[in-house]
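Heavy atoms only: backbone and side chains are in, while hydrogens, waters and symmetry mates are out. Sequence lines set the chain letters: A, B, ... in the order given, protein chains first and strands last, and positions in each chain run from 1. These numbers come from a predicted model, not from an experiment.
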There are 2 protein chains.
Amino acid sequence: MSGKRPTLRDVAARAGLSVMVASYTFSRPDRVSEASRARILAAADELGYQPSQAARALRTGRTGLLGVVFSEHLGYAFRDPSAARFLAGIADVCADRGIGLTLLPTGGRLGPTDAITSASVDGFVFWTTAANDPALREAIASGRPVAIHGGPRIAGATCVSIDDHEAARAVARETLRSARRPALISFPAQVDQLPVVTTLDNVRSELPVTTERLRGVRDALAEAGIDQRSVGCHVLPENSRLLGREAAARIADDTPDIDAIITLSDEIALGAVAALNARNLTRVRITGFDGTPEALQSGITTIAQDLEMQGRRCAEIALGDRVTDSPIPWRLVRLSSTGSVSVS
Amino acid sequence: MSGKRPTLRDVAARAGLSVMVASYTFSRPDRVSEASRARILAAADELGYQPSQAARALRTGRTGLLGVVFSEHLGYAFRDPSAARFLAGIADVCADRGIGLTLLPTGGRLGPTDAITSASVDGFVFWTTAANDPALREAIASGRPVAIHGGPRIAGATCVSIDDHEAARAVARETLRSARRPALISFPAQVDQLPVVTTLDNVRSELPVTTERLRGVRDALAEAGIDQRSVGCHVLPENSRLLGREAAARIADDTPDIDAIITLSDEIALGAVAALNARNLTRVRITGFDGTPEALQSGITTIAQDLEMQGRRCAEIALGDRVTDSPIPWRLVRLSSTGSVSVS
DNA sequence: CTGTTAGCGCTTTCAA
DNA sequence: TTGAAAGCGCTAACAG
């Protein structure tokens, strides 16, 4: 057993060649004769040589790591299915290029940012956050490329998102074709959202995705001649199926005359479907948003969007690719013709 | 705007002190007089100084990064709820300590491992993998601490896991108290599992968690005097609810006399519940494994285990903590007394 | 195609 | 308490 990890110098010495031949063998193989390359590779193999990414990073300024930042507590990334689909897209790009995906630590609030700004990553992807998120400002200030999913649209960062406003308007309008007494269930409107039960006119949002979707719903209500102040709204502290179920149960129990529940996500919607199925309230229409596989299969009305593709695009941007800034498509998926909705 | 990021040298120059005073100010504040420290901090602030993790890593050998490795395609980490709970536990520890969580790229097969072994991380956490996974061997060979969730138990790495064998035996035995014609749905038994429909006696596994759980089921069957060759078994290529639903549907349609479906995970089980509910086959018992929140709420029989805690423990081990090697608890959760099962 | 030189930004000596 | 020197392992830039 040798005492320490072998370096390029050791490899070169063993092969009887210079350090640079060894270096080129790994980084620019074409600059080295086949014979030398073979000798270097043999020596490296015998020694069990592994290049030091730390040294390479110091020298080249590139780390081979992509940083992903969530303003929520990190565990969130692993609980929300939409975040998960988005991350899976990022992961695809990283796997293709042999790049590591680093989830940067945040305490779950808009707090100290040292760990983020000094992180050795080549670029940042932010999951939607507030415009005043200090981590976002610092990431931009660091000079490395920044992609944001869902907004805010802010100078120095590239935003990747569907038109949440138009999409939300479309799905709400579809619902209101046959409903007059809707209720709303929203995911968080603030970074550290507390649960809120109120009417729609009272809801203020600082998170861009929430803001845009609520605006779409409000527009559709206005078009249908329905007063926001008559529309009950639960704002959940987290985008979760269980919370959606509880909120829907409460809505159904408290306001038995409602005929639709508009939700801001499929997770919430699927929870609501479960609550209403349990009560046999099949006449209440439920809409979701995002088009998760489960939601599409369940037959609810929702907005389908390709979050994996958006994840891939964010990753490409954050890795410095020149990405054409085409709009992201979405489409309205209507309630299955039978009218029956199931939860898988 | 300055051309480049300021270094410690710039900070020191600005403060009229040596580089070392600046360095100590950040790494060992007590070795520096209060006056000097204040001057350095002021200079750093004015310059917008951020330490270079790359340089620090090269010098100290520590990167402040924890590496997590999945033998499956990386996207898996974000799709499987049990993996997600485990990762959330890891993420908690990382967030507490200001450590980054790096998901290391793998192509999804047991292939080249360069990206893993040369990765600049301080330690590794593996999600259960095959004993012959080259990435696992290389990680151990790199000399950095390695924790494995679920196995294999292998020299040089610390394994964190419940006793899958005993737990699976317990849940199967519970089911077989009132069932005589069970079918089985398993998650992958190999790294690149293809879908398989066969009988239980034909299933071979190289993944430790699958191996142990299957062994538990086989033991319970033997105790109940049921021949493995009579037990249909679907081996899924992935641990997913949708695939569980499809498999259960096929089982129900092909073998209408079955009275139980034993599954190796709650995700599969919840899919099976949906399939059977859709057919009104409420007399068929379904069991899961893992104790996800949804499964516990649905009322199925399952094994509850705390995957977040196991994630935390793996992270601690991989970060070099001395962790006492106590066994991980689990418990059997029996079918809710009403006998009715719901999907949320 | 191969080798030499210099230095990325930091911290570990060791001396003042 | 502060400072000078050396070097972590690698590669850009050049010269041979």
Subject >> Arg313(A) versus Ser326(A), closest heavy-atom pair with distance >> reply: NH1-O, 2.8 Å

Original post:
Please walk me through it: do Ser142(A) and Arg144(A) pass side-chain hydrogen bond (donor to acceptor under 3.5 Å, both in side chains)?
Top reply: CA-CA 6 Å; Ser142(A) 82; Arg144(A) 287 166 280 185; 3.1 Å; yes

**OP:** To the nearest 0.5 angstrom, please state how far the CD1 atom of Ile140(B) sits from the CD1 atom of Ile154(B).
**Re:** 4.5 Å

Original post:
Taking all non-hydrogen atoms of both residues, which atom of Thr128(A) and which atom of Ile148(A) are closest, and how far apart?
Top reply: CA-CG2, 4.5 Å

Original post:
What integer distance in Å separates Leu17(A):CG from dT11(D):P?
Top reply: 16 Å

Original post:
Taking DNA chain D as the partner, which of residues 23-45 of chain A come within under 4.0 angstrom of it by heavy atom?
Top reply: Ser23(A), Tyr24(A)

**OP:** Can you tell me the distance, in whole Å, between the CE atom of Met20(A) and the C1' atom of dA15(D)?
**Re:** 13 Å

Let me have the donor-acceptor pairs involving side chains of residues 20-31 of chain A, under 3.5 Å, with sequence neighbours excluded, atom names and distances please.
residue: Thr25(A); atom: OG1; partner: Val21(A); partner atom: O; Å: 2.6
residue: Ser27(A); atom: OG; partner: Ser23(A); partner atom: O; Å: 2.9

**OP:** Work out which heavy atom in Val125(B) is nearest to a heavy atom in Ala318(B); give both atom names and the distance.
**Re:** CG2-CB, 3.7 Å

**OP:** Classify the ring geometry between His149(B) and Trp127(B) as parallel (under 30°), tilted (30 to 60°) or perpendicular (over 60°).
**Re:** parallel

For nucleotides 7-9 of chain C, tabulate all protein N/O to nucleotide N/O atom pairs closer than 3.5 Å, reporting atom names and distance.
residue: dG7(C); atom: N2; partner: Arg59(A); partner atom: NH1; Å: 2.9
residue: dG7(C); atom: N3; partner: Arg59(A); partner atom: NH1; Å: 3.4

Subject >> Pair Arg312(B) + Asp96(B): basic N to acidic O under 4.0 Å >> reply: no

